[in-house]
Amino acid sequence: MTVRTRADLAALPAYVPGRSIPGAIKLASNEVSAGPLPSVVRAIADAATAINRYPDNGAAELVARLADRLGVPAEQLAVGCGSVTLCQQLVQATCAEADEVVFPWRSFEAYPIITQVVGAGQTRVPLTGGHGLDLDAMAAAITPKTRLVFVCNPNNPTGTALRTEEVERFIDRVPSDVLVVVDEAYKEFVDDPHVPDGVELAKAQWARGRDNVAVLRTFSKAYGLAGLRVGYAVGSPKLAEALRKVAVPFSVNALAQVAALASLDAEDELMVRCRAVVAERTRVTGELRHAGYEVPDSQANFVWLPLGERTAAFNEHCLAHKVVVRAFLGDGARVTVGEPEENDAFLAAARSFPR
């Protein structure tokens, strides 16, 4: 007799990470090619001698630093093992089997997985023809069963971003007992002044008595700490407390906490690097459009090629040229903006793809 597991897990889609192939350029996972800042690496090395001790379960020093930086009380912050784990904690904290989660699709690949793992229902709302979030359709999809709505801004994998007034109008249409989560994993790469700072937007909503808005951010992307797993959520005190209740103890390890603090200390240096990525994003977008590709405006550290049924062929073509992109078969390819020489290799492959 074999051990019985949940029957619905047979239909659970597996999360597909970006591939790593020896000798190839990896532009599949939205990582920062330059890696963590040198001062952060030194802080990690210094902290390694104490890893025989458990980490601070509440990440108190990091929470205090973030609270001061963001101008919010510490009790409104929860730190987690990457923002993806916080996504799951948010579903766990708000949903039972009879409840539902609404999210755009295509969007962050983990949304449907974590929702099904928790056992909640899900409603996927198609993107607009311009590859952006359809907030009108998302608002219309909310039912009495809805407990949580994910708003990925900028959206992964399309890179498109919503403007402040669009998000504000959407929140006004959401019932006050439904949580709106603004997922800002790529906030540091935004250069459009019309795209909201989610925390400032949330503060304005809280001041109006709307405590159903929360924000997610991560140290994985711009800060170059994808391998250490640390992110944070900002929300109402009640929500932050609920997130801490459903968290796995000690899930944010000691090195991750030290690295996050050191990254905040070096933020000026970090933003210089982010601006370099944005400049490369502009160059890559222009070159691709000149070559005849449709490329939506991106506010993230990647670009989206909506290739439809040609995605698989494009993916294989790039692999043959030693460039790894992230293919979403039938939809398109997401390509991380890397270092200039990495981007040049990708552009050469893209230009030689028969269109």
Here the salt bridge (charged side-chain N to carboxylate O under 4.0 Å, His left out) pairs for residues 167-176, sequence neighbours left out, are D136-R173, D172-R208
Residues at least two apart in sequence or cross-chain that pass side-chain contact (heavy atoms from CB on, under 4.5 Å) with V252, listed by chain then number, are V79, V230, A256, Q257
**Asked** Judged by modelled atom types alone, do N253 and R229 share a side-chain donor-acceptor pair under 3.5 Å?
**Response** no
Show me the side-chain donor-acceptor pairs of residues 143-150 shorter than 3.5 Å, one per line, residues at least two apart or across chains.
from, atom 1, to, atom 2, distance (Å)
T143, OG1, K145, N, 3.1
T146, OG1, T143, N, 2.9
T146, OG1, T143, O, 3.3
R147, NH1, P144, O, 3.0

Residues at least two apart in sequence or cross-chain that pass side chain to side chain donor-acceptor pair (under 3.5 Å) with D197, listed by chain then number, are R217
*asked:* Whether the N30 and R326 side chains hold a donor-acceptor pair (N or O, under 3.5 Å, no angle test) is what I'd like checked.
replied: no
Residue pairs passing the salt bridge (charged side-chain N to carboxylate O under 4.0 Å, His left out) test with at least one member in residues 291-315, sequence neighbours excluded, are R289-D297
Contacts of R69 meeting side-chain contact (heavy atoms from CB on, under 4.5 Å) (sequence neighbours excluded), chain-then-number -> Y223, Y232, L264, E267
Would you list the atom pairs, donor with acceptor, under 3.5 Å between side chains in residues 86-95 and any protein atom, with sequence neighbours excluded?
from, atom 1, to, atom 2, distance (Å)
Q89, NE2, L243, O, 2.9
T94, OG1, L90, O, 2.8

For F328, the hydrophobic cluster (side chain heavy atoms closer than 4.5 Å, chained through members) also holds W304
Salt bridge (charged side-chain N to carboxylate O under 4.0 Å, His left out) pairs touching residues 31-47, sequence neighbours excluded, are K26-E31
Sorted by chain and number, sequence neighbours left out, side-chain contact (heavy atoms from CB on, under 4.5 Å) with L27 holds for I25, V323, V335, T336, E342, F346
Can you give each donor-acceptor pair under 3.5 Å made by side-chain atoms of residues 57-66, sequence neighbours left out, with the distance rounded to 0.1 Å?
from, atom 1, to, atom 2, distance (Å)
N57, OD1, F250, N, 2.7
R65, NH1, D265, OD1, 2.7

Using a 4.5 Å side-chain heavy-atom cut-off and chaining through intermediate ILVMFWY residues, the residues clustered with V195 come out as V190
